[in-house]
Amino acid sequence: MEIIIKETPEKVADEILKRLKKIINKKRHPVIGLPTGNTPKIIYKKMIEAHKKGEMDFSDIIIFAHDEYVGIPGNHPNSTKTYFKENLLNELNIPEKNLFFINGTPDDLKVECRKVEEAIRDVGGIDFQLFGIGKDGHIGFNEPGSSLNSRTRVKPLTFSTIRYLSKIFGSEEETPRFCITMGVGTIMDSKEVAIVAFGYEKKDAVKRCVEGPITSAFPASIIQMHPKAKVYLDEKAASLLDEKEYYKWAYENKEKMYDYLKNKKEV
Ligand code: PGA
């Protein structure tokens, strides 16, 4: 697991963009999973800027959304689909056929969940999945108690998530109670997984995710088991980490380590 800590969300977003550029340039059809929420908005802004400057081409990229609210149609102002259109996709050159959104109002929820798994399989798996983290430890909408091997399925939202989302939906009554989310196992099958968090309000969740025990009571902690996991944090979100200074030193000195290994090979 690599922990990347920068002073500000702006600088963290730059690091994520650097990584995304590498992944996008490495493959003909890179497959990326992206989250909704407040946290990634700054990253999406930078993706759009990079696209407008001609630094990033999205025409071959395939994008998956992690989740959708049950009962909320794609054209609802608070659907995941609308979020992506408004915050990212309206500005990028991604063909419609390369976008995968979960349908929150299918005839059969189980069939829809199966479709998500099949769609991921059909494109050869997800190369890079980015997530925010819920204060309750959810990754995607895998709330506490989620099986660490779960696949895409319907999941009830916790009371704290409902309270949080009620700011967007207007009231708790109007907030959906269920969602379809990629499972923890689905997420863990991705070739690379990244979590991003900003601000003091995420510091406890980050501490549990990175340095706490791996437990279904805090599903994001599963990232510790992924062979290629990155956690992107600003100083505030990282403030409770015991090994914060070590993580920073390790990341800042990574290039030196590569140079050292390269030189050794040449000897
Ligand atoms: P946020 O949500 O980015 O709005 O904080 C993150 C999440 O709940 O996964």
Side-chain angles (χ1 to χ4, degrees), residues 4 6 8-10 12-13 15-17 32-47 64-70 72 77-84 86-88 102 104 126 128-146 150 152 155-170 172 175-184 186-188 190 193-210 212 216-223 226 229-240:
I4 297 131
K6 296 282 161 188
T8 60
E10 179 91 20
V12 177
E15 288 295 321
I16 296 174
L17 217 71
I32 311 287
L34 293 174
T36 56
N38 273 329
T39 312
K41 285 184 181 169
I42 185 167
I43 301 158
Y44 299 154
K45 223 175 95 209
K46 282 183 182 281
M47 284 165 76
F64 275 79
H66 303 141
D67 41 54
E68 183 57 279
Y69 305 106
V70 170
I72 298 292
N78 297 323
S79 71
T80 293
K81 191 171 181 179
T82 303
Y83 170 94
F84 275 111
E86 287 176 354
N87 288 289
L88 188 67
I102 300 172
I126 294 181
F128 179 83
Q129 290 249 38
L130 180 68
F131 290 94
I133 182 170
K135 279 185 179 176
D136 65 1
H138 67 221
I139 183 170
F141 269 131
N142 292 284
E143 299 283 31
S146 291
S150 49
T152 303
K155 193 75 197 158
L157 301 171
T158 59
F159 303 141
S160 72
T161 299
I162 290 168
R163 255 194 316 278
Y164 180 70
L165 291 174
S166 68
K167 287 180 239 151
I168 302 162
F169 280 89
E172 288 192 26
T175 305
R177 294 304 194 251
F178 297 89
C179 66
I180 299 177
T181 179
M182 285 183 192
V184 182
T186 319
I187 292 165
M188 289 294 282
S190 314
V193 177
I195 286 182
V196 55
F198 301 140
Y200 287 124
E201 61 170 21
K202 294 290 171 77
K203 67 182 191 316
D204 297 283
V206 167
K207 169 80 181 154
R208 285 187 73 181
C209 170
V210 174
S216 63
F218 205 80
S221 61
I222 193 67
I223 194 168
H226 196 284
K230 294 185 194 295
V231 183
Y232 291 91
L233 307 169
D234 69 353
E235 286 278 354
K236 291 175 181 166
S239 56
L240 288 184

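For ligands, and for the atoms within them, numbers begin at 1 and follow the listed sequence.
Using a 4.0 Å cut-off between a side-chain N of Lys or Arg and a carboxylate O of Asp or Glu, E10 and K46 qualify as a salt bridge.
Ligand 1 is never approached by K135 to a heavy-atom distance shorter than 4.0 Å. Remark: distances from the non-hydrogen atoms of F141 to ligand 1 are all 4.0 Å or more.
Of the protein's non-hydrogen atoms, the one nearest atom 8 (O) of ligand 1 is H138 NE2, 2.7 Å. Looking only at heavy atoms of the protein, atom 5 (O) of ligand 1 is closest to K202 NZ, 2.6 Å. Of the protein's non-hydrogen atoms, I133 O, 3.7 Å is the one closest to atom 6 (C) of ligand 1. Ranking protein heavy atoms by distance to atom 4 (O) of ligand 1, first place goes to Y164 OH, 2.5 Å. In this structure, atom 3 (O) of ligand 1 lies nearest to the protein heavy atom T39 OG1, 2.5 Å.
When each of I4, I42, I43 is paired with V196, the side chain to side chain contact (heavy atoms under 4.5 Å, CB included) condition holds for I43 and for no other.
No donor-acceptor pair under 3.5 Å is formed between the side chain of Q129 and the backbone N or O of I187. Under the 3.5 Å distance criterion, the side-chain polar atoms of E68 are matched with a main-chain donor or acceptor of T80. Of the possible polar contacts, none joining the T181 side chain to the D67 backbone as a donor-acceptor pair under 3.5 Å is found.
Under 4.0 Å from ligand 1, not a single heavy atom of F131 appears.
Using a 4.5 Å heavy-atom threshold, the side chains of M182 and F64 count as touching.
Between Y83 and Y44, the ring-plane angle classifies as perpendicular under the 30° and 60° cut-offs.
The ligand atoms of ligand 1 that sit less than 4.0 angstrom from a heavy atom of G37 are 3 (O), 4 (O).
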